[in-house]
Amino acid sequence: MSSTSTIFQISLLFFITNLLLSVLFPEYVYAYDGYDECSKSFRCGSFTNIGYPFWTNGQSEYCGHPAFKLDCEGDNVTIDITSQKYHVLNVSYEYQILKIARTDYRSSICPKSFVNITFNVTDFFNITVNDEYATLLYDCDPTEDQAHNKFSCPINDRVVDFYFTAPTLTGPEISARCNFSLLVPVLDIAIERLIDFSMTIEQVIKEGFEVKWNLDAEECFECTDSGGKCGYNRTLNDFTCFCPDQPYSTKCRKGPPYFASLCLMTGVYMFYQKSTKSKDMETMMAIASSPFF
């Protein structure tokens with residue numbers, strides 16, 4: 001038997017085996033795609049080696065959690081949380097903390113819309129102990145008591161005075177003199193710098209705040225430790241571990257496709273050999289029964 005014929009037979013054997021596996025075990029093919037695709041980390045803005053639970057455009061959505069999509073636009077990295085877009089200022093995988101700031105305050109701290117942004121502890125993100133809620137007060141009666149914490153914004157073709165207050169800021173109570181208020185999360189340390197005049201109100205707000213993401217880091221560690229790649233099953237709305245053979249719910253292990261692949265390859269090979277021998281036998285018998293033999 002020639003080497004070309006042998007290579008053809010092996011290639012045909014693998015093709016038929018994988019075709020049967022894709023029919024009997026659809027997740028077998030899906031696993032190869034997921035394992036290969038989710039093995040690649042990505043760069044987003046100045047952040048490198050980004051991976052699960054984050055994902056971005058141009059990447060398969062099953063490589064990350066639905067709530068952790070990053071939008072990468074040049075050096076700007078943003079994320080949507082509770083229908084509000086935030087700039088991502090820092091990512092800490094070790095502590096599962098994002099440092100973020102509202103995008104609508106990037107160019108100016110004068111609010112374009114008066115919507116309070118709070119975080120529910122049942123969501124995927126939660127305020128950390130390093131944060132506190134500051135309050136922007138507007139449409140207030142004039143006062144000179146809070147001059148240090150006062151700033152003005154043009155609203156509806158008129159200049160409106162705003163006041164910045166926070167639990168750790170001391171001073172006379174002014175909220176009763178104002179008609180509207182807006183909550184804004186800020187860092188405790190930024191408030192301290194505002195008090196000692198090393199930061200302005202604008203810098204405090206643009207400095208952002210911290211949120212901790214509420215996902216179990218152990219399940220991804222267990223998956224990668226077993227040789228898998230972390231991902232998310234959007235059909236089941238749950239974590240999935242992509243492995244070389246198939247996806248698993250937690251970590252990689254030998255599953256049915258390994259055994260099935262071996263059995264199928266053996267079966268296909270034996271069938272092929274039997275068919276080949278049968279054809280050879282029929283050819284020999286035909287030659288033997290020929291009147292010219």
Just wondering, more than 12 heavy atoms not from Asp196 lying within 6.0 Å of its CG?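 Check passes, neighbour count above 12.
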
On a heavy-atom basis, which atom in [X] and which in [Y] lie closest, and how many Å separate them?
X: Pro167; Y: Glu132; result: CD-OE1, 2.9 Å
X: Ser198; Y: Gln203; result: O-OE1, 4.1 Å
X: Val204; Y: Ala190; result: CG2-O, 3.5 Å

Under a 3.5 Å distance rule, please check whether [X] uses its side chain to pair with a backbone N or O of [Y] as donor and acceptor.
X: Ser60; Y: Cys63; value: no
X: Lys212; Y: Tyr95; value: yes
X: Thr103; Y: Lys85; value: yes
X: Tyr86; Y: Thr78; value: no
X: Lys206; Y: Arg106; value: yes
X: Asp80; Y: Ser83; value: no

Check ion pair Arg253-Asp245 (N to O, under 4.0 angstrom):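 Judged by the 4.0 Å cut-off on N to carboxylate O distance, Arg253 and Asp245 do not form a salt bridge.
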
Residues Glu37, Lys229: salt bridge by 4.0 Å N-O rule: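 Salt bridge between Glu37 and Lys229, a charged N being under 4.0 Å from a carboxylate O: no.
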
Establish, from distance only, whether the side-chain atoms of Ser39 and Asp36 form a donor-acceptor pair under 3.5 Å.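 No pair is found: no donor N or O on one side chain lies under 3.5 Å from an acceptor on the other.
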
[atom1] of [X] to [atom2] of [Y]: how many Å apart, nearest 0.5 Å?
X: Ile79; Y: Gln84; atom1: CD1; atom2: CD; value: 12.5 Å
X: Ile201; Y: Thr165; atom1: CD1; atom2: OG1; value: 10.0 Å
X: Thr56; Y: Asp71; atom1: OG1; atom2: CG; value: 6.0 Å
X: Asp104; Y: His87; atom1: CG; atom2: NE2; value: 9.0 Å
X: Asp238; Y: His65; atom1: CG; atom2: NE2; value: 9.0 Å
X: Lys150; Y: Leu137; atom1: NZ; atom2: CG; value: 13.0 Å

Any [X] side-chain heavy atom under 4.5 Å of [Y] side chain:
X: Cys178; Y: Tyr138; value: no
X: Leu187; Y: Asp131; value: yes
X: Ile81; Y: Ile100; value: yes
X: Asn49; Y: Tyr93; value: no
X: Phe164; Y: Val184; value: no
X: Leu215; Y: Phe68; value: yes
X: Val77; Y: Phe47; value: yes
X: Arg43; Y: Ile50; value: no

Under a 4.5 Å side-chain heavy-atom rule over Ile, Leu, Val, Met, Phe, Trp and Tyr, are Tyr35 and Phe221 clustered together?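 No: no chain of side-chain contacts under 4.5 Å links Tyr35 to Phe221.
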
In terms of hydrophobic clustering (I, L, V, M, F, W, Y; side-chain heavy atoms under 4.5 Å; direct or indirect links), are Tyr133 and Phe209 co-clustered?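 Same cluster.
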
Look at the SG atom of Cys252 and the SG atom of Cys241, then say if they are under 2.5 Å from each other.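 Unbridged: Cys252 and Cys241.
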
Looking at Cys223 and Cys230, is the distance between their SG atoms under 2.5 Å?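 No, Cys230 does not link to Cys223 through a disulfide.
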
Are Phe162 and Phe151 an aromatic pair, judged by ring center distance below 6.0 Å?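 Distance test on ring centres: under 6.0 Å, yes.
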
Out of Phe239, Trp213, Phe42, which residue meets the ring-ring contact (aromatic ring centres under 6.0 Å, His included) rule with Tyr52?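 Result: among Phe239, Trp213, Phe42, Phe239 is the only option passing the ring-ring contact (aromatic ring centres under 6.0 Å, His included) with Tyr52.
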
Going by side chain to side chain contact (heavy atoms under 4.5 Å, CB included), name the residues that satisfy it together with Ser108, two or more places apart in sequence or in a different chain.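 So Ser108 forms a side chain to side chain contact (heavy atoms under 4.5 Å, CB included) with Cys110.
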
Salt bridge (charged side-chain N to carboxylate O under 4.0 Å, His left out), that's the test. Do Glu219 and Lys251 meet it? Break it down for me. CA-CA 8 Å; Glu219 59 184 5; Lys251 62 181 180 179; over 6 Å; no

